[in-house]
2 protein chains.
Amino acid sequence: MEKQVTIYDLARALNLSTATISRALDDSPLVKLRTREMIRAMAEKMGYRQNLIASNLRKQQSRTIGVLLHEVNSHFATSVLSGIEKITTKERYDILIAHSGEDGAREIANTRNLFNKRVDGLIVSLAMTTSSMDHFSPFFEQGIPVVFFDRIIKKMPCSKIVIDNLKAGYQATAHLLDQGYRRIAHITASLQRNVYEDRFKGYKKALADHRIPFVPELVETCSLNREDTLEALNKLLLQKPDAFFITNDFAAAVCMDALQQKGIRIPGDMGMIGFNNDILGSLISPKLSTIDYPGLLMGETAAQTLMEKIKTKKNGKAILESKNITIPSTLIIRESTGKKDRPGRSRKA
Amino acid sequence: MEKQVTIYDLARALNLSTATISRALDDSPLVKLRTREMIRAMAEKMGYRQNLIASNLRKQQSRTIGVLLHEVNSHFATSVLSGIEKITTKERYDILIAHSGEDGAREIANTRNLFNKRVDGLIVSLAMTTSSMDHFSPFFEQGIPVVFFDRIIKKMPCSKIVIDNLKAGYQATAHLLDQGYRRIAHITASLQRNVYEDRFKGYKKALADHRIPFVPELVETCSLNREDTLEALNKLLLQKPDAFFITNDFAAAVCMDALQQKGIRIPGDMGMIGFNNDILGSLISPKLSTIDYPGLLMGETAAQTLMEKIKTKKNGKAILESKNITIPSTLIIRESTGKKDRPGRSRKA
DNA sequence: TTGAAAGCGCTAACAG
DNA sequence: CTGTTAGCGCTTTCAA
């Protein structure tokens, strides 16, 4: 456990001031090239490593951005993360990831911690149970840029990156209708969250446009984990649906598995469409139709937007207008939404 | 963009010294209870937030641990991460995640950065292409605890958390053999990495124990992404194998899909076993037999081990003996390894 | 082109 | 129980 080498050590060794050392290590043109080279060489030789904590304290920044997620164990979340990372590493920022496990209280604690760590910006997707937004106010008060993505609150005064969930929900539902399905059940999560609310609206709008009555009993909300999804599925099955629009591919896969075990053929007897375009969907059988949700692009866009805000802030310009960016999503048609069999015409398995 | 409230502001407001403020906010019993309460109230009122950067500089710690991963987009990786997080949040540590995307050069850059950020400890799973270990020496020199997990280097002087990959590879192969399969192909990744090397050894040992000759042409190594895996699959198919032991569930699922499209029945015509127990495996059809790889436990154990090291270090005890911990893994038998059909006895599909 | 010196916000000896 | 004081290691004005 040796002592760290500091710029003082370098200064002493070279008979220079710490100011010069600091400048040289930053490659400042204020320092004569030869001195710079000398200093670099000595730093190398003595095994000097910059102390970023000290540097950050002095510069009043952390060169770190906070990412507040509800969960990380999905293909979507990891895509977003790599999108964010792609941008931030290019700009030499670190990311501090905090995830709430869908728990509002933990989200608040995490937010507080990230603030105390003096992150230079924040990227957020809300937890399922978050209702108040007060925990973000320290960021707003200090003018620390915040960007929301995916799960947002529409009236927050900051930039937001979303997809058009209403349209996507509409497309998914309309596609099932076009394939001949009529009693479409919908499994989704808390309608407090914009994404689920909007998809639900899309679902209803598609039904209305096709003159199919909306049946509230055909809609269940749950946490979307395995057990809860199966419970929702069984409840809905009592309503004799002929198709499912499920707001998450994993949950859809779970349902497909359960339905097939009951001898229900997908498609044919039952249509099924998911949401997110998880790789999972292309590996199960039948392959799952879904909505492509470009996580990577979303992460990149969120990070890009944040970086711009951080930069304009540094240049002293306080005019941080909020942008609302909508990322395109696409309907992916695979096998699980093949045409519905007409009654009395059922095929062999 | 208001000015931050510091302990100086509190001290001035209450006519106390910063020392007292600092102690009170730390809930030190050295401060009279009433004063403490007063200070807390004032801090609340003035919107004080601790500056962790300053605190960390002073305390010569970051209360952050670095996690160096090769990839984060797998169920295994996210399980490990939540295991780590479970322990570290309890101890009020943050985690700084860096992932190399299997690129040795990026791993080196990340390691350097985490060092400069003065992480209090490091948890590492090596990238596929890392060969030298020099980038870790600053940590060893400074006595900063490092724990390796999963992808390790056996001769490194630090704690390591692994599963018994040899045994697991043996079990997977032996199970296929027990089910009547004889020409078992093996798709794996770089044999430089202990995990793949050991599984391969287990594979060979199982063959030997069953007096089946080892055929080098039945083994392919690749990156395990979709394209490379399919390429390996097609190459191996020329060797007429009757089963596959694939060192990763995702790759196994990709292969199963491709094989089924060729009309090959699994099981029966072909046995298939994966590795990792990704949720994926229980959702595809047939359900994939695999080796359960307890990521959560692995993460917890790694974090626990690291925390202990950090603590003993803080107490000045420098005797950081390296532990080698082996986590149990289990063979999960599902459908994809059903008995092999005997020739001339093939069933209907 | 370089140096002196102040200070970022906090903590912890030491003193009282 | 509270205060004084000296830094942690770095950056950055200001002066030379």
Side-chain angles (χ1 to χ4, degrees), chain A residues 1-40 42-43 46-64 115-120 142 314 316, chain B residues 1-40 42-43 46-64 115-120 142 314 316:
Chain A
M1 171 122 187
E2 302 158 32
K3 190 80 189 56
Q4 293 278 17
V5 181
T6 72
I7 53 171
Y8 288 99
D9 301 318
L10 294 179
R12 207 170 317 115
L14 291 167
N15 231 295
L16 286 167
S17 74
T18 58
T20 307
I21 306 288
S22 174
R23 290 190 193 106
L25 293 172
D26 199 29
D27 234 354
S28 157
L30 290 177
V31 180
K32 208 197 326 179
L33 187 59
R34 258 205 303 157
T35 336
R36 248 185 284 168
E37 280 164 355
M38 202 173 68
I39 291 173
R40 292 210 92 80
M42 182 57 86
M46 297 177 65
Y48 170 80
R49 294 296 193 102
Q50 187 187 33
N51 185 327
L52 285 173
I53 299 182
S55 168
N56 286 338
L57 175 60
R58 176 59 228 242
K59 293 205 270 193
Q60 295 287 60
Q61 52 141 44
S62 61
R63 245 195 146 66
T64 299
F115 181 85
N116 288 355
K117 284 243 166 168
R118 296 296 190 273
V119 294
D120 297 331
Q142 297 297 324
K314 271 199 180 163
Chain B
M1 173 129 184
E2 302 157 32
K3 191 80 189 59
Q4 292 279 16
V5 181
T6 71
I7 53 172
Y8 288 99
D9 301 318
L10 294 180
R12 206 170 318 113
L14 292 167
N15 232 295
L16 286 166
S17 74
T18 59
T20 307
I21 306 287
S22 174
R23 289 189 194 107
L25 293 171
D26 198 30
D27 232 355
S28 156
L30 289 176
V31 180
K32 208 198 323 181
L33 188 58
R34 253 196 315 148
T35 334
R36 249 186 284 168
E37 280 164 355
M38 202 174 67
I39 291 173
R40 292 209 90 80
M42 182 56 88
M46 297 178 64
Y48 170 80
R49 295 295 194 102
Q50 187 188 31
N51 185 327
L52 284 173
I53 299 182
S55 168
N56 286 338
L57 175 60
R58 177 58 228 241
K59 294 205 271 192
Q60 295 287 59
Q61 51 140 47
S62 60
R63 244 195 146 66
T64 300
F115 182 86
N116 287 356
K117 284 243 166 169
R118 295 297 190 271
V119 294
D120 297 332
Q142 297 297 326
K314 270 197 181 165

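Letters A, B, ... are given to chains in the order of the sequence lines, protein chains preceding strands, and every chain is numbered from 1.
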Spacing between [X] atom [atom1] and [N] atom [atom2], to the nearest angstrom:
X: Q61(A); N: dG9(C); atom1: CD; atom2: P; answer: 14 Å
X: I53(B); N: dC8(C); atom1: CD1; atom2: P; answer: 14 Å
X: R118(B); N: dG9(D); atom1: CZ; atom2: P; answer: 8 Å
X: R49(A); N: dG9(D); atom1: CZ; atom2: P; answer: 16 Å
X: K117(B); N: dC10(D); atom1: NZ; atom2: C1'; answer: 15 Å
X: I7(B); N: dT4(D); atom1: CD1; atom2: C1'; answer: 13 Å
X: I39(B); N: dC1(D); atom1: CD1; atom2: C1'; answer: 11 Å
X: L57(A); N: dC10(D); atom1: CG; atom2: C1'; answer: 8 Å

Minimum heavy-atom separation for M46(A) to L10(A), with atom names? SD-CD2, 3.6 Å
Over all atoms of both residues, closest heavy-atom pair of L25(B) and Y48(B): CD1-CE2, 3.5 Å
Under 3.5 Å: donor-acceptor pair, side chain of S62(B), backbone of R118(B): yes
Would one find a side-chain N or O of Q60(B) under 4.0 angstrom from OP1 or OP2 of dG7(D)? no
Given dC8(D), is OP1 or OP2 found less than 4.0 Å from the side-chain N or O atoms of Q4(A)? no
Taking NZ, NE, NH1 and NH2 as the nitrogens, is one of them in D27(B) or R36(B) under 4.0 Å from a carboxylate oxygen of the other? yes
Can we say D26(A) and R23(A) salt-bridge, meaning some charged N sits less than 4.0 Å from an Asp/Glu carboxylate O? no
Residue [X], side-chain heavy atoms: nucleotide from [options] that is nearest:
X: Y8(B); options: dT4(D), dC10(D), dC10(C); result: dC10(C)
X: L16(B); options: dG3(D), dT5(D), dG9(D); result: dG3(D)
X: T20(A); options: dC8(D), dT5(D), dG3(C); result: dG3(C)

Look at all strands and tell whether D9(B) reaches a base, only sugar-phosphate, or nothing, counting heavy atoms closer than 4.0 Å. nothing
Looking across every strand, which nucleic acid part, if any, lies under 4.0 Å from N116(A) by heavy atom: base, sugar-phosphate, or nothing? nothing
For A19(A) and A54(A), find the nucleotide of DNA chain D closest to each by heavy atoms; which residue's nucleotide sits nearer the 5' end? A54(A)
By side-chain hydrogen bond (donor to acceptor under 3.5 Å, both in side chains) - contacts of S17(A) (at least two apart): T20(A)
Quick one: list whatever passes side chain to side chain contact (heavy atoms under 4.5 Å, CB included) with M38(B), sequence neighbours left out. L14(B), L16(B), T35(B)
Is there a residue in residues 21-37 of chain A whose heavy atoms reach under 4.0 Å of DNA chain C, and which residues are they? R23(A), L30(A), V31(A), K32(A), T35(A)
Return whichever of T18(A) or Y48(B) has its heavy-atom-nearest nucleotide of DNA chain C closer to the 5' end. T18(A)
